[in-house]
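One structure follows; several queries about it will come next.
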Amino acid sequence: MHKPVKYAEKVLTMTAKGAWKLFDTVNQFRQNPGFIPQWSDKPLLKSWEKTKPPLGWPRTTDSLCPKCVQAARKQILDGEADYKILLDEKVGEIKAQIIERDGKILMVKDCPKHGHFEDVMAMDPAFFKHLEEVFPGRDIRAHNDEHLHNHGSSTITHGRGSVLTVDLTNRCNMMCDPCFMDANQVGFVHELSWEDVKQLLDNAVQIKPKRKMSVQFSGGEPTLSPYFLDAVRYARKVGYDSVQAATNGIEFAKSPEFCRQASEAGLRYAYLQFDGIGNEANSHRAVGNLFDVKMRAIENLHSAGVDIVPVITIINGINNEQVGHVIQFALDNPKKIPFLSFQPVSFTGRDEDITPERRAAQRYTLSHLAHDVKNQVGLGEPTRDWFPISFISTFSDWADLVHGPKEGWGHLSCGCHPNCGVGMAVMVDKETKEAVPVTAFLNGDQLAKDIARVNDAARGRFLSVAGMALALAKNYDPFMSPTHFKLIDLMRKFDKTFGATGKSYGKVSGETRLQDIQKRRSDRWNFLFIAGMWFQDLFNYDFRRTEQCIIPYATQEGEISFCAYNTGIGWRNIIEKMHMTATLTKWYEDHGRHEIFAGGKEVGLRSKEHSMKVNAEHAAFARQTDLDDLGIAKTAREEKIRARDGKMKQDAENARMAKLYREVVLKETQPDGFVSINSITPAAPVVKKQEEVGSFGD
């Protein structure tokens, strides 16, 4: 039985549909031109002015040969070629086709030298098609950026991005598999000086369109940098309201005081590595009590006023069964978990030389994620409730319009390629924990079309806000919304997100203040966003995605697409070596060694107590063994061990057959005690100490 207010709201939505027709008809008459805001030298784009890359299938795009790239990168790193060839030549580039075959979307490509490569882009063509169909188009082209966006084919050309990533150090206190940067294994330290940090952040505000991006300090483990807290403060100082740390949480778990200091410095979010529920689900990271660490980190950070975003690297056969467990954890703890970021594995860094067998077994796509959420939690319909992250850019355009031409910063815009990232918004009642996908009671597709029409008219604040209110009301179904949810709650959520009316819901700018944080947290409704961000690797690389990257890396050589930096031609390897701080030996002499947690070592915690609700059955869930049952290696290290053992076995067999050939065919005899050099079985490789092979380990 619906509450009486639901029936009243139904009447209101029907009235809004009629009012919208009148409003829209009048609003389309003599539309205003798009104005040029302070944060851009180019006008706001109308919906029809936005360009799109080639979409649909079959289509052809520009990609890379995995083998050619590795060879070219090695030449640059060995000093045999100048890195500037990447600015003028299409190094390693080949054409690729996006096709449908056997009910899957594939990328297939052929290198004249290295042959055929193919990989799965989606296991559900309808889902893939839906994402591309609702893509609203690319953002304003980047400008005033020539000195920071100059990376040949890898150059970012559109928009300003949503997250500026700054790697403070390549040092880490873990030895994970997977690791896209191969932390602790490169033989040198690359760590930003304080002058570097300031310069990168100062550079970032020069590019136009000037967006209100988040700044994410990363690494390695960013909390190991001596400038971590200072960097957070400075990012706030230059104008970034959303300052984040991509962290494994160890330092935050060990010290509530460190959490308090980070919060006071201005840290707003901790993007917390989080692979599943329970220590078994995290055991592939080789830290004995890693889940306990996560719980203490969440407890300490939340108490200090920092919000937590669990970041889950999903690997098929390793932890894909944890998708539902993690979402249930968020639903059980809505007052502490406002966002989930799932990241399907990218086979780069330690996994760049992955075997085709393991790659096929472990590949996980955004379509896998949407279906796993539905199948494991019963939440959401893939083609109704999931949208490309770039879908929100229509609403960002509306916010830019409402805030007017004198605003100093453009609103946060997530204008990435539709194959890059997806999301589903879930409205969660913090009191009853009832959860409903937002697009189950709000027609998201039609709402975006309606708001695009409001944007195209380019009216002032009053009419634009009125248009949004009518569009929300006409697309809202009160009978499908959560029990205690009301239309006014929906209006407030949009206002809180986009700051349209000027009402304060708790400040996020300036210094972090606990009273503002508590005010924002007092909202009964948690707009839980379940995101999937799929970073590329050499097997599915698409330059059309790189061009409109929303997660640029700030480096000493400019701002580079996330995928071009960590995969692609491998700008990370090149830039970190160009600007290395010290060799490992020299670093050890000057600074000593930091502690590393690996091989099952446990992190020392003051307490394991926490206030989160954890499903006991999920916490006791056994480690996933799919790949064990198939006999497939789980990590790059396992593959190397198997390859070494296989070579030794083959060498031994070759030596035995050679000996038999000499004895049986050639009738050769050897005196007792004589050993033929050719028949010696190669010894196992000498395992050097970690300091000899360039590791940070003890």
message: Going by the rule side-chain contact (heavy atoms from CB on, under 4.5 Å), which residues pair with Ala204 if we only count those two or more places apart in sequence or in a different chain?
response: Arg160, Leu164, Tyr240, Glu559

message: Between Phe135 and Phe391, does the ring-ring contact (aromatic ring centres under 6.0 Å, His included) criterion hold? Intermediate values first, please.
response: CA-CA 6 Å; Phe135 172 59; Phe391 186 76; over 10 Å; no

- prompt: Under 3.5 Å, is there a donor-acceptor pair between the side chain of Asn170 and the main chain of His190?
  reply: yes

query: Is the shortest heavy-atom distance from the side chain of His143 to the side chain of His149 under 4.5 Å?
result: no

Pairwise side-chain contact, Trp386 with Leu369, heavy-atom cut-off 4.5 Å (strictly under): yes

query: Under the salt bridge (Lys or Arg N to Asp or Glu O under 4.0 Å) test, which residues partner Asp523, sequence neighbours left out?
result: Lys493, Lys496

field: Donor-acceptor contact below 3.5 Å, side chain Asn333 vs main chain Lys613
entry: yes

- prompt: Is a side-chain donor-acceptor pair under 3.5 Å present for Gln536 with Thr567?
  reply: no

query: Would you say the side-chain atoms of Ser522 pair up with the backbone N or O of Lys519, donor to acceptor, closer than 3.5 Å?
result: yes

Closest non-hydrogen atom pair between Ser154 and Thr546, with its separation: O-CG2, 3.5 Å

message: The criterion is salt bridge (Lys or Arg N to Asp or Glu O under 4.0 Å); which residues satisfy it with Asp41, sequence neighbours excluded?
response: Lys208

- prompt: Taking atom OG of Ser162 and atom CD1 of Ile389, what is their separation to the nearest 0.5 Å?
  reply: 7.5 Å

Short side-chain to backbone donor-acceptor contact, Asn279 and Leu290, under 3.5 Å: yes

message: Could you check whether Arg233 pairs with Glu264 (Lys NZ or Arg NE/NH1/NH2 to Asp/Glu carboxylate O, under 4.0 Å)?
response: no

message: Are the side chains of Lys336 and Ile308 in contact, using a 4.5 Å heavy-atom criterion?
response: no

query: Hey, do the aromatic rings of Phe562 and Tyr553 have their centres closer than 6.0 Å?
result: yes

query: With distance as the sole test, does Thr555 use its side chain to make a donor-acceptor pair with the main-chain N or O of Gly558 at under 3.5 Å?
result: yes

message: For the CD atom of Glu191 and the OG1 atom of Thr169, what is their distance to the nearest 0.5 Å?
response: 3.5 Å

Residues which pass side chain to side chain donor-acceptor pair (under 3.5 Å) with Asp400, listed by chain and number, not counting sequence neighbours: Arg211

field: Test side chain to side chain donor-acceptor pair (under 3.5 Å) applied to Glu602 - qualifying residues, sequence neighbours left out
entry: none

query: Out of curiosity, Glu251 CD to Leu224 CG, how far, rounded to the nearest 0.5 Å?
result: 6.0 Å

message: Whether the side chain of His151 engages the backbone of Glu557 through a donor-acceptor N/O pair (distance < 3.5 Å, no angle test) should be reported.
response: yes

task: Could you list the residues that satisfy ring pair (Phe, Tyr, Trp, His ring centres under 6.0 Å) with His403, not counting sequence neighbours?
output: none

field: Which residues share a side-chain contact (heavy atoms from CB on, under 4.5 Å) with Tyr227, sequence neighbours left out
entry: Trp194, Ser225, Asp230

query: Are any non-hydrogen side-chain atoms of Pro334 and Lys433 less than 4.5 angstrom apart?
result: yes

query: Would you call Met174 and Arg285 a side-chain contact if the rule is heavy atoms closer than 4.5 Å?
result: yes

task: Examine distances only and state if a side-chain atom of Arg268 and a backbone atom of Gln244 form a donor-acceptor pair shorter than 3.5 Å.
output: no

query: When you check the side-chain N and O atoms of Asp167 and Tyr565, is any donor under 3.5 Å from an acceptor?
result: no

side-chain contact (heavy atoms from CB on, under 4.5 Å) against Asp489, all qualifying residues, sequence neighbours excluded: Phe485, Lys486, Arg492, Trp525

- request: Tell me, please, which residues at least two apart from Arg524 pass salt bridge (Lys or Arg N to Asp or Glu O under 4.0 Å).
  value: Asp429

query: So, the side chain of Asn566 versus the backbone of Thr348: is there a donor-acceptor pair under 3.5 Å, distance only?
result: no

- prompt: Between Lys294 and Asp275, is the closest basic N to carboxylate O distance under 4.0 Å?
  reply: no

task: Side-chain contact test, heavy atoms from C-beta onward, threshold under 4.5 Å: evaluate it for Val438 versus Val426 and give yes or no.
output: no

- prompt: Listed by chain and number, what are the side chain to side chain donor-acceptor pair (under 3.5 Å) partners of Arg606, not counting sequence neighbours?
  reply: none

message: Evaluate Lys50 against Asp397 for salt bridge (Lys or Arg N to Asp or Glu O under 4.0 Å), listing each step before the verdict.
response: CA-CA 12 Å; Lys50 293 192 173 188; Asp397 293 343; 2.5 Å; yes

More than 12 heavy atoms of other groups within 6.0 Å of Lys335 NZ: no

Ser193 side-chain N/O to Asp196 backbone N/O, donor-acceptor pair under 3.5 Å: yes

query: What orientation do Phe529 and Phe339 show, parallel under 30°, tilted 30 to 60°, or perpendicular over 60°?
result: tilted

query: Within a radius of less than 6.0 Å around CD of Gln515, do more than 12 heavy atoms belonging to other residues, nucleotides or ligands occur?
result: yes

- prompt: What about His618 and Phe329, are their ring centers closer than 6.0 Å?
  reply: no

query: Is any side-chain heavy atom of Phe228 less than 4.5 Å from a side-chain heavy atom of Leu168?
result: yes

query: Rounded to the nearest 0.5 Å, how far does CD1 of Ile207 lie from OG of Ser40?
result: 12.5 Å

- prompt: Between Asp332 and Asn615, is any side-chain donor less than 3.5 angstrom from a side-chain acceptor?
  reply: no

query: Side chains of Thr501 and Asp495: do they bring a donor and an acceptor to under 3.5 Å?
result: yes

- line: Applying side-chain contact (heavy atoms from CB on, under 4.5 Å) to His158 and not counting sequence neighbours gives Thr51, Arg138, Arg141, Gln548

- line: Sequence neighbours excluded, the answer for side chain to side chain donor-acceptor pair (under 3.5 Å) partners of Arg296 is Asn300

